[in-house]
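Here's the structure we're looking at; comments come further down.
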Amino acid sequence: MDPLLQKLNAAQREAVLHVDGPLLILAGPGSGKTRVVTHRIAHLLKQGVHASQILALTFTNKAAQEMRRRVEQLAPGERVWVSTFHRFGARLLRERADLVGLGQNFTIYDTSDSRQTLKRVIEAEKIPTMHYTADRIAAGISSAKNKLITADEYQPRSSSPLSSVVARAYPAYQERLLASSAVDFDDLLLHVAKLLKDNPEVRAELDSRFRYVLVDEYQDTNRAQYVILRALSLDYPNLAATGDPDQSIYGWRGADLNNILDFEKDYGQAKVIRLEQNYRSTKAILRAADMLIGHNQRRKKKALFTENDEGAPIRLVTYADQDAEASAIAQQIRAAIDSGERKASDFAVFYRINALSRSVERALRAHRVPFQMVRGQEFYQRKEIKDVLAYCQLINNPKDDVAFVRTVNSPTRGIGKKTLDALNDHAYRYGTPLLDAAREAGLIEGLAKRSATKLSQFVALVEKLASRAAGPVEEVIGSVITESGYRQRLVDSDDEEDASRLANIEELLTDARQFDEESEGEFEGGAGLEEYLERTWLVNETDNWEDDSDKVTLMTLHAAKGLEFPVVYLVAVEDGILPHERSSMDTQQLEEERRLAFVGITRAEQQLQLSLVRRRDFRGQRRMAVPSSFLMEMPTAEMDTDHGGQTFEIDPWEQFELPPEEEVWTDPNAAEPEESKPSISAAITTAAELSGEAAPKPSHPPQPHTRFSPDDFSLDMTVRHPEYGLGKIKSLSGAGKRRAATVEFALAGERRIVLAHSPLEPVGNKG
DNA sequence: ATATCCGAGATTTTT
DNA sequence: TCTCGGATAT
């Protein structure tokens with residue numbers, strides 16, 4: 001038999017052997033998906049398909065690297081294009097930038113660059129924001145872009161005040177991006193999708209060039225990505241999509257689950273293959289995961305199974321508070337390492353929100369357990385790095401306003417806010433980039449002579465630097481930090497923070513040298529500044545997560561996707577955290593939370609511990625925690641609820657009423673737990689109480705003193721809030737003290753308000 | 001131009 | 001409780 005096919009199960013083999021026509025691989029967790037995809041590429045090559053006809057798209061750099069590495073193993077020397085969606089978009093866009101009105105030297109703005117641009121636009125154009133933050137507006141723009149709605153197509157919905165703000169801001173923002181010859185992350189996809197739609201000959205050419213397109217994590221594609229893939233698979237519909245609807249956790253970023261659910265509808269005669277055998281986890285772990293995800297409606301059913309051992313039962317533990325939770329975990333890990341049973345890198349701790357990492361970090365530190373936290377975007381986000389790179393951006397793309405603003409007074413050159421405001425006004429009035437405006441500084445009214453001179457000096461500096469842009473990147477950056485005075489400023493400073501900044505800049509030089517050396521072989525005379533910049537834009541820190549160092553890994557559930565660990569701890573399996581309170585109102589969002597839990601659980605190979613606490617201090621407030629409703633959807637009866645030799649005798653699932661003085665109260669901004677949901681709570685004797693520690697003091701809500709009782713409010717009623725103004729009640733839930741209303745305010749948008757604790761009052765009619 | 005003070009707001013974040 | 005941004009003071 002073909003050695004390529006050995007060690008593959010029947011379903012995997014079938015997928016690998018598939019050549020022509022659309023293919024959907026539904027790959028359960030740990031089912032050998034990457035192996036199948038890479039083997040399939042190798043098989044295609046063996047069948048005589050040319051490497052240049054194959055395009056493999058992933059979401060992360062890490063995934064792309066891994067895939068490239070494994071293809072190289074199977075088919076050495078073949079140059080298959082494996083890339084992230086965004087990098088692919090950037091490449092294509094550089095070739096055809098003219099078609100969408102960009103220069104080919106366009107800049108890619110990261111999230112904070114684009115946020116800054118939006119703020120300046122709103123300010124300069126005096127766009128009324130109606131109390132919406134730039135972040136909210138940016139999110140609105142982004143979600144429109146994800147849905148492939150362009151600035152001139154965008155229509156506000158009358159039901160959403162935010163959308164009318166977006167309708168004003170979006171075109172202005174987009175115009176400014178274009179004037180700066182810049183794109184944001186979303187544009188990399190939007191422009192490409194639009195380009196393919198509007199230019200049939202380009203589309204046809206690319207469709208035929210990329211005969212075989214493979215996509216990873218298809219469940220996470222948004223509308224723009226869908227359209228791109230579709231455009232590349234019309235004449236040659238050999239699209240192979242790999243994914244798992246049950247692991248779709250980026251709906252909030254625009255991922256559209258329908259893309260994968262409707263694959264067979266979109267691509268006639270699609271072959272669907274299910275990879276259902278799991279090679280990663282024990283039976284006990286897989287069973288719980290499967291049972292949990294079975295509660296989702298929007299999915300494609302899979303019959304997950306494993307030939308692995310039954311394994312240890314899942315542990316389900318309740319601790320007194322988060323410190324007890326964290327130190328117990330740290331202790332367990334410490335003990336396992338000390339006994340030689342495990343090494344640190346065998347462990348991972350997952351949490352729903354970053355804020356929960358604190359206590360775990362502290363405890364691990366206290367127990368001297370080495371750990372690494374996976375936090376995206378560090379190195380390139382550092383101020384000094386961004387500053388220096390901004391000079392490079394400006395050299396590469398003189399229209400880049402963000403780079404201009406960043407560099408113009410850094411190091412300080414006496415160009416302050418006033419100067420910048422005048423310059424900004426001028427630039428917006430004439431629709432020119434800031435650097436061009438600075439060139440004619442002498443002509444700007446309201447600008448002091450001194451300021452104008454300083455601006456001219458800056459322009460001269462930029463021109464001088466630009467004249468050297470063609471050399472090796474290391475030299476370019478070298479002259480930037482010297483000529484700009486940036487290095488000198490840091491050298492002169494006696495702030496120790498600046499010393500480390502200096503070190504970081506030196507590190508950047510090293511990085512650039514490496515880049516020069518690496519690209520030497522690939523391009524004639526090395527790759528240019530632009531390629532270097534593109535790499536800094538599209539690579540992030542998560543890619544640098546060291547999987548070879550012997551440390552415990554701490555990360556959010558989102559970051560955990562695609563990884564696996566022998567032992568996994570999932571903390572704070574509590575109502576309001578997992579599922580997150582912001583998701584509890586909407587079934588689709590709730591299902592996404594369930595998938596998030598599913599992803600977390602299925603990362604575990606041998607052991608899994610789910611934990612929760614009775615009392616959680618969060619945002620300075622103490623709350624009695626309620627076990628996650630997801631726990632009821634898992635086989636808790638077979639789990640091990642024993643904790644550190646101390647047995648909990650009371651059935652954790654016995655329902656009980658909270659004593660009145662310990663009543664959970666909710667702050668006005670927090671969502672109320674669903675009333676219809678059966679409330680479960682752990683009546684467990686905790687270690688703290690056994691050890692005689694005083695019972696937690698009941699916390700007191702601010703005393704409600706309204707003249708109105710919660711029952712005075714009814715549906716559709718018009719109400720007034722001292723802060724948010726007038727609004728209308730859209731829905732009501734809960735009863736008594738917990739009765740809460742969702743109010744649509746004319747100015748402030750939709751808010752959820754717990755009536756007993758709010759100054760909300762009815763207006764006029766009804767009662 | 002920098003220090004510092006207050007208030008609001010606070011999921012998740014592949015690129 | 002903590003952090004970030006805007007406003008104000010020095």
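The sequence lines fix the lettering, A, B, ..., with proteins before strands; numbering per chain opens at 1.
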Worksheet item: Of Asp186(A) and Thr133(A), whose nearest nucleotide on DNA chain B comes first from the 5' end?
Response: Thr133(A)
What are the atom names and distances for every N/O pair under 3.5 Å that joins the protein to nucleotides 1-5 of chain C?
residue	atom	partner	partner atom	Å
dT1(C)	O4'	Gly620(A)	N	3.2

Item to complete: Please confirm whether Arg603(A) makes a cation-pi placement over Phe350(A), using NZ or CZ under 6.0 Å from the six-membered ring centre and within 45° of the ring normal.
Response: no
Worksheet item: Heavy atoms under 4.0 Å, any strand shown: does Asp220(A) hit a base, just sugar-phosphate, or nothing?
Response: base
Worksheet item: At under 4.0 Å between heavy atoms, what does Arg87(A) touch on the DNA or RNA strands: base, sugar-phosphate, or nothing?
Response: nothing
Would you confirm whether the ring centroid of [Y] sits within less than 6.0 angstrom of the ring centroid of [X]?
X         : Y         : result
Tyr109(A) : Phe185(A) : no
Trp252(A) : His558(A) : yes
Phe59(A)  : His86(A)  : no

Protein-nucleotide distance ([X], atom [atom1]; [N], atom [atom2]), rounded to Å:
X         : N       : atom1 : atom2 : answer
Met555(A) : dT14(B) : CE    : C1'   : 13 Å
Glu592(A) : dT12(B) : CD    : P     : 14 Å
Glu66(A)  : dT14(B) : CD    : C1'   : 16 Å
Asp110(A) : dT14(B) : CG    : C1'   : 15 Å
Phe185(A) : dT14(B) : CZ    : P     : 10 Å
Arg253(A) : dT13(B) : CZ    : P     : 11 Å
Phe59(A)  : dT12(B) : CZ    : P     : 21 Å
Arg582(A) : dA10(B) : CZ    : P     : 6 Å

Worksheet entry | Criterion side chain to side chain contact (heavy atoms under 4.5 Å, CB included) against Ser611(A), the qualifying member of Leu570(A), Val349(A), Val571(A) | Val571(A)
Worksheet item: Do you know which two heavy atoms are closest between Ala90(A) and Glu534(A), and how far apart they sit?
Response: CB-OE2, 3.5 Å
Item to complete: Quote, to the nearest angstrom, the C1' distance that separates dT14(B) from dT3(C).
Response: 25 Å
Worksheet entry | Pairwise P distance for dG5(C) and dT12(B), with rounding to whole Å | 16 Å
Worksheet entry | Side-chain N,O (Asn354(A)) to OP1/OP2 (dT12(B)) below 4.0 Å | yes
Worksheet entry | salt bridge (Lys or Arg N to Asp or Glu O under 4.0 Å) involving Asp256(A) - partner list, sequence neighbours excluded | none
Worksheet item: Do His558(A) and the base of dT12(B) stack face to face, with centres under 5.5 Å apart and an angle between planes under 30°?
Response: no
Discussion item. Would Leu455(A) and Val408(A) count as a side chain to side chain contact (heavy atoms under 4.5 Å, CB included) here? Give the steps.
Written reply: CA-CA 8 Å; Leu455(A) 281 173; Val408(A) 72; 4.2 Å; yes
Could you run down the sub-3.5 Å N/O contacts of the protein with nucleotides 1-6 of chain B?
residue	atom	partner	partner atom	Å
dA1(B)	OP1	Asn409(A)	ND2	3.3

Worksheet item: Does the side chain to side chain donor-acceptor pair (under 3.5 Å) test come out yes or no for Lys386(A) and Gln393(A), once each step is laid out?
Response: CA-CA 10 Å; Lys386(A) 286 204 77 165; Gln393(A) 278 176 231; over 6 Å; no
Fill in: Side chain Ser484(A), main chain Tyr486(A), donor-acceptor under 3.5 Å
yes
